[in-house]
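In what follows, a single structure is set out as structure tokens and then discussed.
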Amino acid sequence: MKAADLQKSVHSDRRVFGTLALSQAPSTPSMLVSAGLDFVFIDTEHIPMDRILLSWMCRYYVAIGMTPIVRIPSPDPYQACMALDAGANGIIAPYVEKPEQVRPLYGAVKLRPMKGIRLERRINGGEAFEPELEEYLANRNRENLLVLNIESVPAMEALDDILDQPGVDVVLIGPHDLSCSLGIPEQYEDPRFDEAVCTIIRTARARNIGAGIHCFLGELMLEQEKRWIQAGANFLVHSVDSVAALQGLKREVAELRESVGDSGTAEVGGEIEV
């Protein structure tokens, strides 16, 4: 799905699906397109990646019609501009907890290339731009998505004020950090975690802002993911490319072993922070 269509979808009742892409193999983008995904989530917060590689990945995905959305290392407007310059169609700002963090991100994503004192006055409501400039900026940045990671109790407490800020397209729940902030680390089936997720989703969707969660455990969170979709989630980051491949491989190897009465098993572990 191209960025313009994704932009319209997240503000409607249409659901969009993506995955976290770790693989940097040249064959990966076309494989993910064939999986029926709408967008790809590229993480530079937890995944080591230089600007050249990031730009190569973003521009490849754009060229084949899939929207690349990049999580930057911190909610910093300069890092947001760098990701957009690399070819991203949107940015995910991690661990947003205060409305004051949103306005500079809005300036970076929706009002590029304005900077400095004039931009500060504009985003703080003190001075409007000339009509011709406003029109230019709206057209130039119309397909850029601003996604905010909501992943803590303070963020939930400030959610109404955060969503009142201009330019917010989507809130994306970070499940691992949210569970820790709730005091129930990695207890994703705890009713308190489910209630928190549903509250965030419903609050955002009531304002026609997209909402979703990264279900990084793939099949292990599938039933919960279905329930959150029923609660209104319409921006779903399902699994991780490498996790999905691992789960499929484990399932098929286990089936082959069982078919010949082989009771041996291979121990496979590993964890990804999201």
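Only this structure's heavy atoms are used, side chains among them; waters, hydrogens and symmetry mates stay out. Counting from 1, the numbers follow the sequence of the chain as shown.
- Grouping the Ile, Leu, Val, Met, Phe, Trp and Tyr side chains by contacts below 4.5 angstrom, directly or via other members, places Val153 with Leu163.
- Residues Arg207 and Asp160 are paired through a salt bridge, judged by an N-O separation under 4.0 Å between the basic side chain and the carboxylate.
- No hydrogens or angles considered: nothing links the side chains of Arg51 and Ser55 as a donor-acceptor pair under 3.5 Å.
- Side chain of Asn144 to backbone of Val109: a donor-acceptor contact under 3.5 angstrom is found.
- Met82 and Val96 end up in different hydrophobic clusters when Ile, Leu, Val, Met, Phe, Trp and Tyr side chains are linked at under 4.5 Å.
- No donor-acceptor pair under 3.5 Å is formed between the side chain of His214 and the backbone N or O of Leu172.
- Side-chain atoms of Asp50 come within 3.5 Å of backbone N or O of Leu53 as a donor-acceptor pair.
- Salt-bridge annotation for Lys2 and Asp38: absent, with no side-chain N of the basic residue lying under 4.0 Å from a carboxylate O of the acidic one.
- Salt bridge Lys98/Asp161: absent, no basic N to carboxylate O contact under 4.0 Å.
- Distance alone, capped at 3.5 Å, is enough to place a donor-acceptor pair between the Thr67 side chain and the Met1 backbone.
- In summary, the aromatic rings of Phe39 and Phe235 are positioned with their centroids under 6.0 Å apart.
- At a threshold of 4.0 Å, the pair Arg257-Glu252 does not count as salt-bridged, since none of the basic side-chain nitrogens sits closer than that to a carboxylate oxygen.
- The two atoms that bring Lys110 and Asn141 nearest to each other are O-ND2, 3.1 Å, heavy atoms only.
- Proximity of a side-chain donor or acceptor of Asp169 to a complementary backbone N or O of Leu146 within less than 3.5 Å is detected.
- Residues Ser23 and Thr28 bring a donor and an acceptor atom of their side chains to less than 3.5 Å of each other.
- Using a 4.0 Å cut-off between charged side-chain N and carboxylate O, Arg192 and Glu195 make no salt bridge.
- Side chain of Asn234 to backbone of Arg15: no donor-acceptor contact under 3.5 angstrom is found.
- Under a cutoff of 6.0 Å and an axis angle of 45°, Arg122 and Phe129 form a cation-pi pair.
- In this structure, the side chain of Asn124 engages the main chain of Glu120 through a donor-acceptor pair within 3.5 Å.
- Surrounding CZ of Arg118 are more than 12 heavy atoms belonging to other residues, nucleotides or ligands, all under 6.0 Å away.
- Between the side chain of Ser259 and the backbone N or O of Leu256 there is at least one donor-acceptor pair closer than 3.5 Å.
- Between the side chains of Ser179 and Glu186, not a single donor N or O lies within less than 3.5 Å of an accepting N or O.
- The main-chain N or O of Thr199 is found under 3.5 Å from a side-chain atom of Thr203 such that the two form a donor-acceptor pair.
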